[in-house]
> 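Mind having a look at this structure? Questions to follow.
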Protein chains: 2
Amino acid sequence: MTSSVQRKRIRKSPDDRRAEIVEAAATVALTEGLECITLRRIAEQLDVRPGLISHYFPAVEDLVAEAFGSAATAELETLLPADPPDGSPLNHLARFFARTTGPAYDDMSRLWLNARHLSRYRPVLRERVLGQESLWRGRLTAVVRAGVDQGQFRTEDAQLAAVLILVVIDGLASHANTGLGNHPPSVTRLAAATAERELGLPDGALAPTS
Amino acid sequence: MTSSVQRKRIRKSPDDRRAEIVEAAATVALTEGLECITLRRIAEQLDVRPGLISHYFPAVEDLVAEAFGSAATAELETLLPADPPDGSPLNHLARFFARTTGPAYDDMSRLWLNARHLSRYRPVLRERVLGQESLWRGRLTAVVRAGVDQGQFRTEDAQLAAVLILVVIDGLASHANTGLGNHPPSVTRLAAATAERELGLPDGALAPTS
DNA sequence: TTGCTTATTGGTCGCACACTCAATAGCATC
DNA sequence: GATGCTATTGAGTGTGCGACCAATAAGCAA
């Protein structure tokens with residue numbers, strides 16, 4: 001008959017709970033960074049006990065990888081949906097470029113930086129990052145290829161062009177990350193020009209001239 | 001008369017000790033990452049007690065910033081010496097490009113990634129990163145400007161061109177970091193072509209055609 | 001040689017972390 | 001309403017971290 005107050009327990013199906021945990025972790029990853037994914041932090045956010053997180057993810061590293069994968073997949077689906085909605089490849093690419101160089105992409109670009117760095121120490125995360133890179137590259141390559149097929153783009157190697165675009169975007173993001181921040185639009189314009197040239201597009205076709 | 005064995009103490013001048021500590025921390029930063037700069041780790045490497053490190057750096061964060069600054073400055077001095085040795089701006093730039101996209105730059109490129117990410121949480125480090133960015137940008141801009149003056153390069157805005165080159169290099173490094181690793185030389189070539197175009201150089205002037 | 005300054009130590013504190021596991025209570029099923 | 005399965009808890013372990021500080025010895029100056 002100890003006076004200890006017992007905690008109200010809410011019991012959920014393993015699938016639901018797992019999904020909840022991953023979602024919470026993905027949110028924390030995007031807003032605070034992957035290293036803030038701790039048992040305590042996630043448990044607090046879900047109002048459960050740390051032990052429960054451990055129960056579903058015996059090793060935190062697995063949860064970290066899962067969270068990154070979840071966030072990256074969701075973001076990619078927004079940027080370049082698998083089943084292309086209406087619009088030409090040029091439209092899709094222009095939107096992709098505009099979004100990934102815009103402020104709405106800040107969190108995700110930070111997360112990429114974060115994940116790439118951390119993946120040096122965490123093998124499980126590393127695999128996920130490689131997987132996502134390949135996914136993003138594939139998706140973008142498909143768009144480029146479609147554009148070539150429709151005569152909108154002209155390039156020798158679609159995949160190579162896609163990688164170049166990703167490299168340039170990552171470079172911009174990497175620089176922006178410190179907060180030199182929003183480099184003058186001129187840099188973004190120059191980066192766009194690089195992509196435009198590679199795809200045989202006229203100046204300003206991908207992003208508005210500043 | 002306790003039987004505790006007393007440690008042999010080696011007493012050095014504050015300046016020497018400080019320099020020693022920063023150097024050790026810079027090495028750790030380059031090889032293991034900035035988060036491995038801990039009182040215990042650095043103390044162990046120098047064969048002193050953790051308290052001593054605290055004595056010189058009451059806040060570890062300051063040591064981290066110092067270590068990054070030291071490593072970055074040393075690297076820049078190697079890549080783009082302040083007092084240019086013999087060689088034309090084109091030579092200097094070509095060497096800079098070759099080195100920063102080569103394997104010898106791996107550690108430093110990882111460190112940049114590391115520092116940019118960490119600077120999100122550590123204000124002191126952040127300031128250092130911004131300072132180094134400005135330093136690198138300035139140094140590279142000077143080279144570009146010299147090349148323009150000598151008629152080797154042709155570009156409207158030297159600083160803008162310099163930033164674009166840095167962005168492309170960072171993008172390559174960021175990608176390479178995960179270990180997709182050494183992307184095919186073709187990507188590097190494409191990146192070089194971007195810089196060449198921006199500087200009004202013929203194809204292959206900056207880096208050998210693959 | 002003696003004395004004094006101070007660089008260095010050793011010990012300790014409090015905190016946050018991941019991980020473990022027996023006990024327990026929520027809930028689907030009958 | 002009773003039963004059984006298991007999702008969830010509570011309590012605890014051990015590790016590594018930054019920070020603090022009184023005591024101490026190294027080595028310079030007198």
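Residue numbers start from 1 in every chain, and the chains themselves are labelled A, B, ... in the order their sequence lines are given, proteins ahead of strands. In this text, all values refer to a predicted model and were calculated from it rather than measured experimentally.
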> Both B:K12 and A:S13 contact DNA chain D. Which one's nearest nucleotide lies toward the 5' end?
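Looking at DNA chain D, the more 5' nearest nucleotide goes with A:S13.
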> Counting side-chain heavy atoms from CB outward, which of D:dT9, C:dT5, C:dG10 is closest to B:R11?
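Between D:dT9, C:dT5, C:dG10, the one nearest the side chain of B:R11 would be C:dT5.
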> Output the rounded distance in Å from CG (B:L46) to P (C:dT9).
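It is 10 Å, rounded to the nearest whole Å.
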> Provide, to the nearest angstrom, the distance between the CZ atom belonging to A:R18 and the C1' atom belonging to D:dA7.
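For the pair A:R18 CZ and D:dA7 C1', the rounded distance is 14 Å.
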> Can you see which heavy atom on B:D107 is nearest to which on B:R110, and at what distance?
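In this case the closest contact between B:D107 and B:R110 is OD1-NH2, 2.9 Å.
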> Around atom CD of A:E23, are there more than 12 heavy atoms of other residues, nucleotides or ligands at under 6.0 Å?
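It does not: A:E23 CD has 12 such atoms or fewer within range.
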> What residue pairs, at least two apart or across chains, pass ring-ring contact (aromatic ring centres under 6.0 Å, His included) with a residue in residues 18-59 of chain B?
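Listed by first then second residue: nothing to list.
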> Look at the side chain of B:R49 and decide which nucleotide, out of C:dG10, D:dG10, D:dA26, has an atom nearest to it.
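So the side chain of B:R49 is nearest to C:dG10.
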> Take the protein atom CG of A:D15 and the nucleotide atom P of D:dT6, then report the distance between them rounded to whole Å.
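Atom-to-atom, A:D15 to D:dT6, this comes out as 14 Å.
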> Spell out protein contact along nucleotides 12-17 of chain D as letters: B when the base is contacted, S when just the sugar-phosphate is, - when no protein heavy atom is under 4.0 Å; keep the 5' to 3' order.
-----B
> Would you check if B:E75 and B:W136 make a side-chain contact, meaning some heavy-atom pair closer than 4.5 Å?
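The answer is yes, as the side chains (C-beta and beyond) meet within the 4.5 Å cut-off.
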> Does B:D157 pair with B:R145 as a salt bridge, N-O distance under 4.0 Å?
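Answer for the salt bridge query: no.
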> I need the NE2-P distance between B:H55 and D:dG18, as an integer number of Å.
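Distance check: B:H55 NE2 to D:dG18 P gives 18 Å.
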> Mind calculating the distance between CG (B:L52) and P (C:dT9) to the nearest angstrom?
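Rounding to the nearest Å, CG of B:L52 and P of C:dT9 are 5 Å apart.
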> Check the pair B:E35 / B:H117 against side chain to side chain donor-acceptor pair (under 3.5 Å), numbers first and verdict last.
CA-CA 11 Å; B:E35 42 275 278; B:H117 166 59; 6.0 Å; no
> At 4.0 Å (heavy atoms only), tell me whether B:Y56 reaches a base, stays on the sugar-phosphate, or touches nothing.
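It contacts sugar-phosphate atoms only.
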> Side-chain donor-acceptor pairs under 3.5 Å in residues 66-73 of chain A, sequence neighbours left out?
unit_1, atom_1, unit_2, atom_2, d
A:E66, OE1, A:R128, NH2, 3.2
A:T73, OG1, A:G69, O, 2.7
A:T73, OG1, A:Q132, NE2, 2.9

> Would you mind telling me which of C:dG26, D:dT8, C:dT9 lies closest to the side-chain atoms of B:R9?
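Given the options C:dG26, D:dT8, C:dT9, the side chain of B:R9 is closest to C:dT9.
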> Whole angstroms only, please: what is the NZ-P distance between A:K8 and C:dT24?
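To the nearest whole Å, that distance equals 18 Å.
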> Could you check how far CZ of A:F57 sits from C1' of D:dA7, rounded to whole Å?
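My rounded result for the distance is 15 Å.
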> Relative to the 5' end of DNA chain D, which residue comes earlier, B:I10 or A:R7, by the nucleotide with the nearest heavy atom?
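In this pair, the answer is A:R7.
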> Counting the atoms with a prime plus P, OP1 and OP2 as sugar-phosphate, which does A:P50 contact under 4.0 Å by heavy atoms, base, sugar-phosphate, or nothing?
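A:P50: no heavy atom of the nucleic acid under 4.0 Å.
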> Separation of A:I42 atom CD1 from D:dT9 atom C1', in whole Å?
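It is 19 Å, rounded to the nearest whole Å.
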